[in-house]
Amino acid sequence: MSQPNINLPDLQKVPHRRFNPLIRQWVVVSPQRTQRPWRGKVEHPPAVPRHAYDPDCYLCPGNPRAGGARNPTYSSTFFFDNDYPGLLPDPPQVDVNESELLVAGTERGVCRVLCFSPRHDLTIARMSAAELQQVVDAWVEQSQSLGSLDWVQHVQIFENRGEIMGASNPHPHCQIWAVSHLPNEATREQTSQQEYGDQHHSCLLCDYLKLEMGHKERIVCENEAFVVLVPYWAVWPFETLLVSRRHFGGMDELAPRERGLLGDILKRLTVRYDNVFEVPFPYTMGFHQRPTDGQQHPEWHLHAHYYPPLLRSATVQKFMVGYEMLATPQRDITPESAAARLREAGEVHYLDRNSA
Ligand SMILES: [Zn+2]
Ligand SMILES: [Zn+2]
Ligand SMILES: [Zn+2]
């Protein structure tokens, strides 16, 4: 077996490329570029929602939604089928194949919205353990009920947080899409995990986690069941990967105790994110779990990705354009220094510091 040639101090200074074994793509790391002057677009810092209830919010309890329905006066989590869904459970059949160049097919889907709590201003970072447990329980329940539909191959849980991520409503919520074909990212990860397993007779993410626990410099936080780290191949400035310590493939396999610990690690991470620039930190996050096609999929290891767009301050955003759009993604601050920033950010939320 070849020894990895890791010389960390050099990697912090020299441009190089790193490999992402999960989706098999490279990222260019350019640590020498962080000193360049910034004359690009500056965003407004994200605002903190101030009120527990907003009469104009279509997700708050009792309020009317855009589609005409009215929310019940719910008191914990609440889900509904998206009023403007991206996919439909029973669309007309589509089957196009012209010279293998014009190809289209049917995609069935259920698109749901899950409100984390009735509170308009209560984010994951500031929820109690009991409230977080309700969110995790809802994810498990949705994964099970949607995943058990015979035509559903994959359940994607994801959260877009913040205006600059395109979130249309600040009320803390996520979306759940259950679809009839394995999506692009899951397909890539499926192939990588399968082939790694065939070659090494072990799990890609179990082996990766073991390596990272030895190196330590990219670990952000951990508890008894989960570890959060900035992956070696991270593209986004403060990108993180949340990995379960135990090898299992889906939300439905979470032990009761692990449900609580998942809520705990999500809170620890999002507090750190908010603390980095002392703003509600925008991100897209989502869980990757095994397909629900009736197969066992022992190669799959449950994990979550966080992709935050902020770069060097609350008002400077990273854009994937130019070389990144046409060639290879590129980052300036190294994954190691991003992990150090997140470790230093601490686990007392900046809005709670005076009361702590
Ligand atoms: Zn609301
Ligand atoms: Zn594993
Ligand atoms: Zn993944």
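Just so you know, ligand 1 is whichever comes first in the structure, and atom 1 is the first atom listed for that ligand. Numbering of residues begins at 1 and proceeds along the displayed sequence.
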Closest non-hydrogen atom pair between A225 and L261, with its separation
CB-CD1, 3.7 Å

D207 and S202 side chains, donor-acceptor separation under 3.5 Å:
yes

No-hydrogen, no-angle side-chain donor-acceptor test under 3.5 Å, Q133 and R259:
no

If you have a sec, read the angle at the Zn ion (ligand 2) from C203 atom SG over to C206 atom SG, to 10 degrees.
110°

Are more than 12 heavy atoms from other residues, nucleotides or ligands located less than 6.0 Å from atom CD of E253?
yes

Around the Zn ion (ligand 3), how many protein N, O or S atoms are found at less than 2.8 Å?
5

Anything under 3.5 Å between a donor and an acceptor, one on a side chain of residues 179-186, the other on a protein residue two or more places apart or in another chain? List them.
| residue | atom | partner | partner atom | Å |
| --- | --- | --- | --- | --- |
| S180 | OG | E107 | OE1 | 2.6 |
| S180 | OG | R108 | N | 2.9 |
| H181 | ND1 | E107 | OE1 | 2.8 |
| E185 | OE2 | R188 | NH1 | 2.9 |

So what's near the Zn ion (ligand 1), protein N, O or S atoms under 2.8 Å?
C57 SG, C60 SG, H120 ND1, H171 ND1

Does the separation of the ring centres of F287 and W139 fall below 6.0 angstrom?
yes

Just to verify, what does Q134 make a side-chain contact (heavy atoms from CB on, under 4.5 Å) with, not counting sequence neighbours?
S76, T77

Do the rings of H288 and H154 sit parallel, tilted or perpendicular, given the 30° and 60° boundaries?
tilted

Name of the H301 atom (N/O/S only) found closest to the Zn ion (ligand 2)
ND1

Hey, do the aromatic rings of H120 and H51 have their centres closer than 6.0 Å?
no

For H16, does the NE2 atom have more than 12 heavy-atom neighbours from other residues, nucleotides or ligands under 6.0 Å away?
yes

Between R161 (side chain only) and Y283 (backbone N and O only), is there a donor and an acceptor less than 3.5 Å apart?
no

For H247, what is the atom name of its N, O or S atom nearest to the Zn ion (ligand 2)?
ND1

